[in-house]
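Below, each value reflects all heavy atoms present in this structure, side chains not excepted, and no hydrogens, waters or symmetry copies. Indexing begins at 1, ligand by ligand and atom by atom, following the structure's order.
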Amino acid sequence: SLKKLVVAIDGPAGAGKSTVAKLAAKALGYIYIDTGAMYRAVAWKALQQKAPVTDALILSVVKDIDVRLSYHDGVTHVFVNGEEATDYIRTPEVSRIVSQVAALGPVREKMVELQRAMAEEGGVLMDGRDIGTHVLPQADVKIFLTASIEERAQRRYREMREKGYDVELAKLQEDIAARDKADSERAISPLVQAADAVLLDTTGLSIEQVVEKILGMCR
Ligand code: CDP
Ligand code: CDP
């Protein structure tokens with residue numbers, strides 16, 4: 001039988017990582033692992049404390065946090081200490097603090113350990129910011145997915161509007177740019193294209209075209 005690959009997909013917000021990774025995973029019969037959901041889960045838990053979200057608060061929250069992912073029917077379900085948080089992790093509030101949460105060493109160490117354990121058997125597509133550079137440096141296929149900031153903001157805008165969030169395009173673009181900057185400039189495992197990753201600029205490409213390119217690379 002064919003070797004079960006480990007596929008790493010990194011890139012900035014709105015590049016289409018989770019959308020295309022899900023479809024490619026389905027086509028290959030692989031597991032899809034959304035690492036961003038894990039950092040979002042920690043951020044959500046920190047917001048739940050009803051206190052100013054300082055680094056100290058985040059560190060106290062992460063100390064005894066248990067984050068689990070389970071993927072079925074196209075949805076990544078996220079559980080925090082046994083409680084399902086799936087519907088709460090993609091709010092603008094969480095998006096605004098998640099990069100602060102993800103910049104902290106102890107948070108990353110805990111999440112990376114869980115991520116590596118999930119990829120052990122192969123047959124996985126994992127997306128995030130540091131998968132090809134740090135989490136799975138031995139991945140068989142590494143893709144750095146990107147698109148222009150305007151197109152990424154436009155995509156996210158459409159998505160949030162469809163979900164009923166009253167967001168503004170300009171504000172959303174600012175939030176995404178700020179998050180990209182924070183993710184790219186942080187000291188620990190910043191967002192950067194791995195030297196051996198293939199750059200895939202999806203500006204102007206359809207979801208189907210991007211999925212085809214990824215499946216082609218895996219073949
Ligand atoms: O879906 P979107 O691109 O908006 O973000 P995400 O993939 O859900 O990731 C949310 C945030 O988590 C990112 O902006 C990063 O700050 C952090 N993250 C990270 O640091 N490392 C990862 N492997 C994945 C996400
Ligand atoms: O995970 P990431 O933040 O990289 O992006 P996403 O959460 O998959 O969001 C990308 C959005 O752009 C979704 O609403 C997709 O339907 C849309 N889109 C895409 O993913 N790829 C394209 N080539 C065109 C649009």
Side-chain angles (χ1 to χ4, degrees), residues 8-25 32-44 46 58 67 69 74-76 78 85-86 89-92 94-105 107-112 114-116 118-119 125-136 139 143-163 165 167 172-173 175-192 194 200-214:
I9 305 183
D10 292 297
K17 299 181 298 299
S18 67
T19 303
V20 299
K22 267 179 206 169
L23 291 167
Y32 164 62
I33 301 167
D34 177 355
T35 65
M38 301 172 75
Y39 293 97
R40 286 174 177 276
V42 179
W44 170 75
I58 298 163
V67 177
L69 299 183
V75 180
T76 298
V78 188
T86 311
I89 62 166
R90 308 217 177 264
T91 62
V94 169
S95 296
R96 236 163 262 140
I97 67 152
V98 64
S99 291
Q100 178 195 352
V101 170
L104 300 175
V107 173
R108 304 203 68 82
E109 280 158 30
K110 196 152 185 175
M111 298 305 125
V112 169
L114 294 167
Q115 291 156 12
R116 286 182 178 150
M118 289 188 275
L125 263 107
M126 191 179 285
D127 83 346
R129 301 294 186 285
D130 61 337
I131 311 306
T133 53
H134 179 68
V135 181
L136 306 171
I143 298 160
F144 193 83
L145 206 67
T146 190
S148 70
I149 176 79
E150 291 80 11
E151 179 149 340
R152 292 188 286 115
Q154 191 61 250
R155 289 175 182 175
R156 198 39 68 79
Y157 176 74
R158 247 180 256 131
E159 196 183 290
M160 296 297 277
R161 284 276 166 166
E162 274 165 27
K163 286 184 189 159
Y165 286 102
V167 289
L172 203 59
Q173 185 167 322
D175 286 352
I176 289 178
R179 194 142 60 86
D180 287 353
K181 186 168 151 63
D183 291 343
S184 306
E185 294 180 354
R186 70 179 174 224
I188 313 168
S189 305
L191 168 65
V192 61
L200 186 45
D201 186 339
T202 72
T203 311
L205 296 184
S206 71
I207 292 169
E208 294 70 29
Q209 286 174 314
V210 178
V211 173
E212 257 325 298
K213 281 181 192 283
I214 292 172

So, are D180 and R152 salt-bridged, with charged N and O less than 4.0 Å apart? yes

Applying side-chain contact (heavy atoms from CB on, under 4.5 Å), run through V20 and L145 and close with a yes or a no. CA-CA 10 Å; V20 299; L145 206 67; 3.7 Å; yes

Around atom 16 (O) of ligand 2, find the nearest protein heavy atom and jot down its residue, atom name and distance. I207 CD1, 3.4 Å

Look only at interatomic distance and state if G16 has a nitrogen or oxygen under 3.5 Å from any nitrogen or oxygen of ligand 2. yes

Once you round to the nearest 0.5 Å, how far does OG of S184 lie from CG of L191? 4.0 Å

Should we say atom NZ of K213 is surrounded by more than 12 heavy atoms from elsewhere, each under 6.0 Å from it? no

Looking at V210, which atoms of ligand 2 are within less than 4.0 Å of one of its heavy atoms? 23 (N)

Should R108 and D183 count as an ion pair when the cut-off is N to O under 4.0 Å? no

Show the atoms of ligand 1 that are less than 4.0 angstrom away from any heavy atom in D183. 13 (C), 14 (O), 15 (C), 16 (O)

Residue and atom name of the nearest protein heavy atom (relative to atom 23 (N) of ligand 2), distance in Å to one decimal: L205 O, 2.7 Å

Closer than 3.5 angstrom, by distance alone: can the side chain of Q209 be matched with the main-chain N or O of S206 as a donor-acceptor pair? yes

Would you confirm whether R161, through its side chain, and V167, through its main-chain N or O, come within 3.5 Å as a donor-acceptor pair? yes

Let's go through Q100 and I58 carefully: what are the C-alpha distance in whole Å and the side-chain angles of both, what is the deciding distance for side-chain contact (heavy atoms from CB on, under 4.5 Å) to 0.1 Å, and is it a yes or a no? CA-CA 9 Å; Q100 178 195 352; I58 298 163; 3.7 Å; yes

Report yes if S18 has an N/O atom closer than 3.5 Å to an N/O atom of ligand 2; otherwise report no. yes

Closer than 4.0 angstrom: is that true for some heavy atom of G14 and an atom of ligand 2? yes

For ligand 1, which atoms, with element, lie under 4.0 Å from some heavy atom of R90? 8 (O)

Tell me whether D127 has any N or O atom under 3.5 angstrom from an N or O of ligand 1. no

Checking Y32 against S18 for the side-chain contact (heavy atoms from CB on, under 4.5 Å) test, could you report, in this order, the C-alpha distance in whole Å, the side-chain angles of both residues, the deciding distance, and whether it holds? CA-CA 9 Å; Y32 164 62; S18 67; 3.0 Å; yes

Going by distance only, is there an N or O of Y39 that falls short of 3.5 Å from an N or O of ligand 1? no

So between Q209, E162, E159, R155, whose heavy atom ends up nearest atom 9 (O) of ligand 2? E159

G36 near ligand 2 by a heavy-atom separation under 4.0 Å: no

Given M38, R108, R179, which has its nearest heavy atom closest to atom 20 (O) of ligand 1? R108

Atom 24 (C) of ligand 1 has as its nearest protein heavy atom T35 OG1, 3.3 Å

Using a strict cut-off of less than 4.0 Å between a Lys/Arg side-chain nitrogen and an Asp/Glu carboxylate oxygen, indicate whether E151 and R155 qualify as a salt bridge. yes

Less than 3.5 Å between some nitrogen or oxygen of D34 and one of ligand 1, yes or no? no

For K17, take its heavy atoms, then give the atoms of ligand 1 lying under 4.0 Å from any of them. 3 (O)

Exam field: side chain K17 to backbone I9, donor-acceptor pair closer than 3.5 Å: no

Considering heavy atoms of the protein only, find what lies nearest to atom 22 (C) of ligand 1 and give residue, atom and distance to 0.1 Å. R129 N, 3.4 Å

Does any N/O atom on T202 come nearer than 3.5 Å to any N/O atom on ligand 2? no

Does the residue M111 have a heavy-atom contact with ligand 1, meaning some pair of atoms that are separated by less than 4.0 Å? no

heavy-atom search around atom 15 (C) of ligand 2 in the protein gives T19 OG1, 3.6 Å

Mind checking the CE-CG spacing from M111 to L104? Nearest 0.5 Å is all I need. 11.0 Å

With only distance considered, is A13 within less than 3.5 Å of ligand 2 through an N or O on each side? no

Tell me, with the steps shown, if T133 and D130 meet side-chain contact (heavy atoms from CB on, under 4.5 Å). CA-CA 5 Å; T133 53; D130 61 337; 3.7 Å; yes

Check if R156 has a non-hydrogen atom at a distance under 4.0 Å from any atom of ligand 1. yes

Please find the pair of heavy atoms, one from I131 and one from A8, that lie closest to each other, and give the distance. CG2-CB, 3.5 Å

Numbering the atoms of ligand 1 from 1, which are under 4.0 Å from a heavy atom of A102? 16 (O), 17 (C), 20 (O)

Report, in ascending order of atom number, the atoms of ligand 1 lying under 4.0 Å from any heavy atom of G128. 22 (C), 23 (N), 24 (C)

Would you please determine whether R158 falls within less than 4.0 Å of ligand 2 on a heavy-atom basis? no

Pair S95, R40: side-chain N/O donor-acceptor within cut-off below 3.5 Å: yes

Could you identify the single nearest non-hydrogen protein atom to atom 8 (O) of ligand 1 and state the distance to 0.1 Å? R40 NE, 2.6 Å

What part of P12, side chain, backbone, both or neither, has a heavy atom within less than 4.0 angstrom of ligand 2? backbone

Keeping the roles fixed (side chain from T91, backbone from V94), state whether a donor-acceptor pair exists under 3.5 Å. yes

